[in-house]
Amino acid sequence: MNDRARQIFKPEFRFGLGGVSLGNEFNKHTDKEAEATLEGAWAMGVRYFDVAPWYGFGLCERRFGHFLHNQKRDDYMLSSKVGKLFKASKNISARAPSSPCRASAQA
């Protein structure tokens, strides 16, 4: 590990909590359940959190933000993804397949 990586990934940031499940990707969770999960992780010493706009179309980021805004910023590390944008397709037609599965079945 180079010096910059050592500086960023201090021991307290080497174990983290990913946010995909709190974006309701696998099961639906209430805000209260998500808050309890984040509180439990914090109590156990988790200080690295990973989110993405694609995790529940922003739900994950909203939940993590709601929890982390009460924490001291220097006490945690937050990572996210960039580069993918939510935007409507300009290529919509009545004859276009409505899903990738239908598209592959028609091929």
Side-chain angles (χ1 to χ4, degrees):
M1 189 181 304
N2 67 36
D3 288 340
R4 178 71 176 136
R6 278 192 189 95
Q7 182 183 11
I8 294 170
F9 292 103
K10 299 172 187 172
E12 62 268 27
F13 299 137
R14 291 187 184 161
F15 181 80
L17 176 66
V20 69
S21 63
L22 296 184
N24 290 347
E25 294 296 319
F26 307 116
N27 292 304
K28 290 188 177 186
H29 302 285
T30 65
D31 287 343
K32 186 175 182 178
E33 291 169 329
E35 186 81 6
T37 299
L38 291 163
E39 287 172 357
W42 189 270
M44 295 303 294
V46 174
R47 297 296 184 270
Y48 173 50
F49 302 95
D50 178 66
V51 299
W54 288 95
Y55 301 166
F57 295 105
L59 178 61
C60 164
E61 291 178 315
R62 183 183 59 76
R63 287 174 167 171
F64 276 72
H66 182 265
F67 175 76
L68 291 172
H69 86 277
N70 290 318
Q71 310 304 328
K72 187 176 160 192
R73 182 59 190 98
D74 289 341
D75 288 347
Y76 65 89
M77 179 181 288
L78 182 66
S79 64
S80 188
K81 286 70 171 179
V82 297
K84 288 193 172 192
L85 303 175
F86 296 117
K87 58 184 176 180
S89 172
K90 295 177 184 176
N91 233 356
I92 298 173
S93 87
R95 296 175 12 159
S98 60
S99 74
C101 293
R102 286 191 187 144
S104 65
Q106 293 177 357

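FYI, the numbering just counts along the sequence from 1.
Between W42 and F49, the angle of the ring planes stays under 30°, which puts this pair in the parallel group of the 30/60° scheme.
At a threshold of 4.5 Å between non-hydrogen side-chain atoms, the residues Y55 and E61 do not count as touching. Looking at V51 and L22, their side chains never come closer than 4.5 Å, going by heavy atoms from C-beta outward. Residues R63 and N24 meet the side-chain proximity criterion, which asks for heavy atoms closer than 4.5 Å. Annotation: side chain of S79 is in contact with side chain of Y48 (closest heavy-atom distance under 4.5 Å).
Between H66 and H69, the shortest heavy-atom distance links the atoms O-ND1, 2.5 Å. Considering all non-hydrogen atoms of both residues, C60 and G19 come closest at SG-O, 3.3 Å. Contact detail for A52 and K81: the closest heavy-atom pair is CB-CD, 3.7 Å. Looking at every heavy atom in both residues, E39 comes nearest to F67 through CG-CE1, 3.7 Å. Nearest heavy-atom pair across W54 and E25 is O-OE2, 3.4 Å.
R47 has no carboxylate O lying under 4.0 Å from a charged side-chain N of D75, or vice versa, which leaves the two without a salt bridge.
For the atom pair CD (E33) and NZ (K28), the distance works out to 12.5 Å, reported to the nearest 0.5 Å.
At a threshold of 4.5 Å between side-chain heavy atoms, the hydrophobic network of Ile, Leu, Val, Met, Phe, Trp and Tyr places L68 and F15 in one connected group.
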Audit row: L17, L38, side-chain contact (heavy atoms from CB on, under 4.5 Å) steps and yes/no:
CA-CA 9 Å; L17 176 66; L38 291 163; 3.7 Å; yes
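At least one test fails for R62 against the ring of F64: distance under 6.0 Å to the centre or angle within 45° of the axis.
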